[in-house]
Amino acid sequence: MPIDSHVHVWGNDSRSFPFAPGASVPEIDASAEALLSKMSDNGIQRTVLIQVIHYKWDNRYLVDVLRRYPGRFAGVCRVDPEAPSAPDDLSRWTEAGCHGVRLSPAEDARGDWIGGPLMEPLWRRCASLKVPMTLLLPVSRLGSVVPLIDRHPELTVVIDHMADCPVDDPGSLAALMAMARYPRVFVKISHMWSLSHRPYPYPDAGAMVAKIRDAFGADRLMWGTDWPIKPELVSYADRVRLYRDSVNTPFLNADERQWILSGTVKRVWPV
């Protein structure tokens, strides 16, 4: 059964789990219970929950979901990358049940912290905890993380959403594929609906996935719905169908299909 590598959830109880100041939260039921219903309807065995930005560094709802539904979810927390306490914060959330951390450096100067002095202690702690480092970053930021990966070759690193490579930019795609030289770097082949210039099932983005497969191998790629982000573009069911059926038919053989749908996720998040 497929394992979804990328989903966000947030609760309906703003008193117990308040959103961060200024958060713009869509009016949609994104609770764990709503997700479990969709998983059941679509044959999804397990899901990796990525801390949603609406809570910023407060991972309590994520931890609450992990505790209430053991065996159904793995959780990736967020910590403030500009806080000296980030390594200890990561340890604390890992002890609470999270398995990995996500960093999101912006493309402009707001993301320059990714190359700053606070990164080394955080990456070192992540490596010592043996949890994955997940990166939401534009392809232009890949060069900023290369020195960190060079210094921590034992650390599992996951690049979200194909680094949002444009489908019509061979140079950006080449930069992403160059990361295949690091055997512990993995890629989520998600966001096809946002990257494509074609209608569902997004054949131009699918062709890009095939090139990334050629560089990394299917055993370092994983699918993900990114539910409930941009529900107006494509439904949860169609996102599942895209990777389970449409993408796999022209580009992937049976073994590659198994890796992308579940095998790679199990390698990175075995919990």
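Within the 4.5 Å cutoff, side-chain heavy atoms of Leu49 are placed close to those of Val65. Using a 4.5 Å heavy-atom threshold, the side chains of Ile212 and Leu173 count as touching. Side chains of Leu118 and Pro81 form no contact here, defined as non-hydrogen atoms less than 4.5 Å apart. The closest side-chain heavy-atom distance from Ile149 to Met179 is below 4.5 Å. Annotation: side chain of Trp223 is not in contact with side chain of Leu242 (no heavy-atom distance under 4.5 Å). Looking at heavy atoms from C-beta onward, Leu35 lies in side-chain contact with Thr47 at the 4.5 angstrom threshold. For the pair Met208/Ser196, no side-chain contact is recorded, criterion being any heavy-atom separation below 4.5 Å from C-beta on. The shortest side-chain heavy-atom distance between Ile159 and Phe186 does not fall under the 4.5 Å cut-off.
Glu154 and Ala127 make their closest contact through OE2-CB, 3.2 Å (heavy atoms, listed as atom of the first residue, atom of the second, distance). Of all heavy-atom pairs spanning Ser104 and Arg78, the tightest one is OG-NH1, 3.1 Å. Nearest heavy atom pair, residue Ile114 against residue Pro105, reads CB-CB, 3.9 Å. Minimum interatomic distance between Val167 and Ala205 (heavy atoms only, all atoms of both residues): CG1-CA, 4.0 Å. Nearest heavy-atom pair across Ser31 and Asp29 is OG-OD1, 2.8 Å. In this structure, Cys165 and Val139 approach most closely via the heavy-atom pair SG-CG2, 3.8 Å.
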>> Before you tell me yes or no, could you show the steps for Tyr200 and Leu233 under side chain to side chain contact (heavy atoms under 4.5 Å, CB included), namely the whole-Å CA-CA distance, both residues' side-chain angles and the distance that decides it to 0.1 Å?
In response: CA-CA 10 Å; Tyr200 189 97; Leu233 293 181; over 6 Å; no

> Would Val145 and Leu135 count as a side chain to side chain contact (heavy atoms under 4.5 Å, CB included) if you check the C-alpha gap in whole Å, the side-chain angles of each, and the deciding distance to 0.1 Å?
Replying inline: CA-CA 9 Å; Val145 300; Leu135 300 171; 4.0 Å; yes

> Between Met222 and Ile260, does a side chain to side chain contact (heavy atoms under 4.5 Å, CB included) hold up when you go through it step by step?
Replying inline: CA-CA 4 Å; Met222 63 189 91; Ile260 286 174; 5.8 Å; no

> Do Met119 and Leu148 pass the side chain to side chain contact (heavy atoms under 4.5 Å, CB included) test, and can you show the C-alpha distance, the side-chain angles, and the key distance before you say yes or no?
Replying inline: CA-CA 8 Å; Met119 283 297 97; Leu148 291 159; 4.0 Å; yes

>> Run the salt bridge (charged side-chain N to carboxylate O under 4.0 Å, His left out) test on Lys38 and Glu33 for me, step by step, so that the C-alpha distance in whole Å, both residues' side-chain angles and the decisive distance to 0.1 Å come before the verdict.
In response: CA-CA 9 Å; Lys38 291 182 179 294; Glu33 291 72 27; over 6 Å; no

> Between Ser16 and Arg60, is a side chain to side chain donor-acceptor pair (under 3.5 Å) present by the stated rule, with each step listed?
Replying inline: CA-CA 9 Å; Ser16 298; Arg60 287 181 297 154; over 6 Å; no

>> Set out, in order, the CA-CA distance, both residues' side-chain angles and the distance that settles salt bridge (charged side-chain N to carboxylate O under 4.0 Å, His left out) for Asp226 and Lys188, then state yes or no.
In response: CA-CA 10 Å; Asp226 199 23; Lys188 292 179 186 172; over 6 Å; no

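The backbone N or O of Arg102 lies less than 3.5 Å from no partner atom in the side chain of Gln51, so there is not a single donor-acceptor pair. A donor-acceptor pair under 3.5 Å links the side-chain atoms of Asp169 to the main chain of Gly171, judged by distance alone. Between the side chain of Asp204 and the backbone N or O of His197 there is at least one donor-acceptor pair closer than 3.5 Å. A donor-acceptor pair under 3.5 Å links the side-chain atoms of Thr94 to the main chain of Leu90, judged by distance alone.
Atom CZ of Arg110 has 12 or fewer heavy atoms from other residues, nucleotides or ligands within 6.0 Å. In the displayed structure, Glu232 atom CD is contacted under 6.0 Å by more than 12 heavy atoms of other residues, nucleotides or ligands. Counting non-hydrogen atoms of other residues, nucleotides and ligands closer than 6.0 Å to CZ of Arg92 gives a total above 12.
Asp150 and Tyr182 share a donor-acceptor pair across their side chains, judged by distance under 3.5 Å alone. Donor-acceptor pairing under 3.5 Å is recorded for the side chains of Ser190 and His161. For the residue pair Arg220 and Thr264, no side-chain donor N or O sits within less than 3.5 Å of a side-chain acceptor on the partner. A donor and an acceptor atom, one from each side chain of Asp160 and His191, are nowhere located under 3.5 Å apart. In the model, Arg46 has no side-chain atom that pairs as donor or acceptor with a side-chain atom of Ser262 under 3.5 Å.
Taking hydrophobic clusters as Ile, Leu, Val, Met, Phe, Trp and Tyr residues chained together by side-chain heavy-atom distances below 4.5 Å, Leu137 does not share a cluster with Ile229. Cluster membership for Val157 and Trp259, using ILVMFWY side-chain heavy atoms within less than 4.5 angstrom, is not shared. Under the 4.5 Å side-chain heavy-atom criterion for ILVMFWY residues, a single connected hydrophobic cluster contains both Val7 and Val240. The hydrophobic clustering, which links ILVMFWY residues whose side-chain heavy atoms are closer than 4.5 Å, places Val9 and Trp269 apart. Cluster membership for Leu62 and Trp10, using ILVMFWY side-chain heavy atoms within less than 4.5 angstrom, is shared.
The distance between the ring centers of Tyr55 and Phe19 falls below 6.0 angstrom. Ring centroids of His8 and His54 are separated by 6.0 Å or more, keeping the two rings apart.
A salt bridge does not link Glu107 with Arg141: every distance from a Lys NZ or Arg NE/NH1/NH2 to an Asp or Glu carboxylate oxygen is 4.0 Å or more. Glu256 and Arg213 are joined by a salt bridge, as a carboxylate oxygen and a charged side-chain nitrogen come within less than 4.0 angstrom of each other. Under 4.0 Å is where a charged nitrogen must lie from a carboxylate oxygen, and between Asp88 and Arg125 at least one such pair does. Comment: Asp238 does not engage Arg244 in a salt bridge, judged by the lack of any side-chain N to carboxylate O separation of less than 4.0 angstrom.
Both tests hold for Arg239 against Trp193: distance to the six-membered ring centre under 6.0 Å, angle to the ring axis within 45°.
Rounded to the nearest 0.5 Å, atoms CZ (Arg72) and CD1 (Ile3) are 11.0 Å apart.
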